[in-house]
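Only one structure is covered here, and it is reproduced in the block below.
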Amino acid sequence: MKNYYVMTLFPEMIQNVVKESITGRAIEKGLMQVKAYDIRNFTKDAHNHVDDYPYGGGAGMLMQVQPIVDCYQHIVSEIGHKPRVLFMSPQGRTFNQQMAEELAKEDNLIFLCGHYEGVDERALEILEVENVSIGDYVLTGGELPALSMIDSISRLVHGVLNKDASHEIESFSDGLLEYPQYTRPAEYNGLKVPDILLSGDHKKVDEWRHAQSLLRTKERRPDLYAAYVAANPEEFAPPKKRRKRVHRACNSE
């Protein structure tokens, strides 16, 4: 079973999302579980505070170290060992499909969702977090990034999708964007499905799809296209010309 443990100030936000759609069905099947822990429940402050002003001045408030560490230690005691801890931060490694595949191999993952102006640095040091970003922009909290990652990782867990192969032909699985797809009807308002997809020739269909993935990636994500070309030089090498054999006449004396 895949286990996600989310440290947050808004546990309902996590639970309300994961109980829907594919992740919800996976939870019902016992393939995964998502447990959200309210950091406020672990504060020792008499007024239930989990934040305070930063030393040295500055705008906003910081989440305090004590409730975060105590929440973390509670989760570790439940699991029985220290799993990887992911801190949602724009300063971290950018999350991508390769990282999703890497994290899908882990049985247990802890997500720390920050809020306000950030988190006391000592908490991050004690938890030995891995900083992870979902893009170069700032959100009000780490809950949405955590949910995005949970959704992406879960799709790679055996049995979560109806067909295990379905995630292998999607965008980024081979470094390219996914090819265009069509379903019934074959024609709608004058727009027709490409004839090749109706031909029944699977080899030609695969070739067309790969060509479309290359074209779409080149147009929409030239950075990915350049990386793919660099990693697959043999695919783009010009065909070798066959040397013509020269027949020389032999003159006998």
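Between Val18 and Thr23 the shortest heavy-atom distance is O-OG1, 2.8 Å. The two residues Gly114 and Glu143 come nearest to each other via the heavy atoms O-OE1, 4.4 Å. Residues Thr43 and Gln66 come closest through the heavy atom pair CA-OE1, 3.7 Å. Summarising the geometry of Met88 relative to Ala146, their closest heavy-atom pair is SD-N, 3.7 Å, with the distance given to 0.1 Å. Smallest separation of non-hydrogen atoms from Lys204 and Ile196: CB-CD1, 3.5 Å. In terms of heavy atoms, Pro90 sits closest to Val138 at CG-CG2, 4.4 Å.
Cluster membership check: Leu197 does not share its hydrophobic cluster with Tyr188, using side-chain heavy-atom separations under 4.5 Å among Ile, Leu, Val, Met, Phe, Trp and Tyr. By the criterion of side-chain heavy atoms lying less than 4.5 angstrom apart, applied directly or through intervening Ile, Leu, Val, Met, Phe, Trp or Tyr residues, Ile75 is not grouped with Met1; the two fall into different hydrophobic clusters. The hydrophobic clustering, which links ILVMFWY residues whose side-chain heavy atoms are closer than 4.5 Å, places Ile68 and Leu62 apart. Leu139 and Val6 fall within a single hydrophobic cluster, where Ile, Leu, Val, Met, Phe, Trp and Tyr are joined by side-chain heavy atoms under 4.5 Å apart, directly or via other members. The hydrophobic clustering, which links ILVMFWY residues whose side-chain heavy atoms are closer than 4.5 Å, places Phe10 and Leu144 together.
Within the model, atoms CD1 of Ile153 and CD of Glu102 stand 9.5 Å from one another, a figure rounded to the nearest 0.5 Å. A distance of 15.0 Å separates CZ of Arg155 from CD1 of Ile150, quoted to the nearest 0.5 Å. Atom-to-atom distance recorded for Ile39:CD1 and His74:NE2 is 13.0 Å, nearest 0.5 angstrom. One distance of note links CD1 of Ile134 with OG of Ser89; it measures 11.5 Å at 0.5 Å rounding. Taken from CD1 in Ile22 to CG in Leu31, the straight-line distance is 12.0 Å, to the nearest 0.5 Å. Here the CD atom belonging to Glu20 is positioned 10.0 Å from the CD1 atom belonging to Ile27, to the nearest 0.5 angstrom.
Side-chain contact between Arg40 and Pro67: absent, with no pair of heavy atoms (C-beta onward) separated by less than 4.5 Å. By the 4.5 Å heavy-atom criterion applied to side chains, Ser152 and Phe95 are counted as neighbours. A heavy-atom distance below 4.5 Å is not found between the side chains of Val129 and Leu86. Using a 4.5 Å heavy-atom threshold, the side chains of Val65 and Ile126 count as touching. At a threshold of 4.5 Å between non-hydrogen side-chain atoms, the residues Val132 and Met149 count as touching. Between Ile14 and Lys35 the shortest side-chain heavy-atom distance does not fall below 4.5 Å. Two residues are said to be in side-chain contact when any heavy atoms from C-beta on lie closer than 4.5 Å; Lys2 and Glu106 meet this criterion.
Enclosure of atom CG in Asp223 by more than 12 non-hydrogen atoms of other residues, nucleotides or ligands within 6.0 angstrom is indicated. Atom OH of Tyr182 sits in a crowded spot, with more than 12 heavy atoms from other residues, nucleotides or ligands closer than 6.0 Å. Counting non-hydrogen atoms of other residues, nucleotides and ligands closer than 6.0 Å to CD of Gln91 gives a total of 12 or fewer. The 12-atom threshold is exceeded at NE2 of His81, counting heavy atoms of other residues, nucleotides or ligands nearer than 6.0 Å. Within a 6.0 Å sphere centred on CG of Asp195, other residues, nucleotides and ligands contribute 12 heavy atoms or fewer. Under a cut-off of 6.0 angstrom, the local environment of NZ in Lys82 is crowded, with over 12 non-hydrogen atoms contributed by other residues, nucleotides or ligands. The neighbour count for Arg84 CZ, taken as heavy atoms of other residues, nucleotides or ligands under 6.0 Å away, is above 12.
When ring centroids are compared, His210 and Tyr179 stay outside the 6.0 Å threshold.
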Verify salt bridge (Lys or Arg N to Asp or Glu O under 4.0 Å) between Glu28 and Lys19, making sure each step is shown before the conclusion.
-> CA-CA 9 Å; Glu28 291 177 358; Lys19 71 180 182 181; over 6 Å; no
Please step through side-chain contact (heavy atoms from CB on, under 4.5 Å) for the pair Gln97 and Leu156, ending with a clear verdict.
-> CA-CA 10 Å; Gln97 187 66 21; Leu156 303 174; 3.7 Å; yes
Would you sort out whether Arg221 and Glu178 count as a salt bridge (Lys or Arg N to Asp or Glu O under 4.0 Å), showing the intermediate values?
-> CA-CA 12 Å; Arg221 289 292 302 273; Glu178 190 176 15; over 6 Å; no
Derivation and outcome, side-chain contact (heavy atoms from CB on, under 4.5 Å), residues Asp45 and Val50 = CA-CA 8 Å; Asp45 182 83; Val50 294; over 6 Å; no
Mind running side-chain contact (heavy atoms from CB on, under 4.5 Å) on Tyr72 and Leu112 for me, showing each step along the way?
-> CA-CA 9 Å; Tyr72 164 75; Leu112 172 59; over 6 Å; no
Chi angles and distances behind the salt bridge (Lys or Arg N to Asp or Glu O under 4.0 Å) call for Asp120, Arg122 | CA-CA 5 Å; Asp120 188 308; Arg122 292 168 295 182; 2.7 Å; yes
Would you please test Tyr225 and Leu214 for side-chain contact (heavy atoms from CB on, under 4.5 Å) and show each step?
-> CA-CA 7 Å; Tyr225 180 79; Leu214 285 171; 4.1 Å; yes
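Between the side chains of His49 and Gln64, no donor N or O sits under 3.5 Å from an acceptor N or O. Tyr228 and Glu235 are linked by a side-chain donor-acceptor pair at a separation below 3.5 angstrom, with hydrogens and angles left out of the test. For the residue pair Glu117 / Tyr53, no side-chain donor-acceptor distance below 3.5 Å is found, with atom types taken as modelled. Inspection of the Tyr4 and Ser154 side chains reveals an N or O donor paired with an N or O acceptor under 3.5 Å.
Of the possible polar contacts, one joining the His115 side chain to the Thr140 backbone as a donor-acceptor pair under 3.5 Å is found. Under a 3.5 Å cut-off, the side chain of Asp151 and the backbone N or O of Leu147 do not form any donor-acceptor pair.
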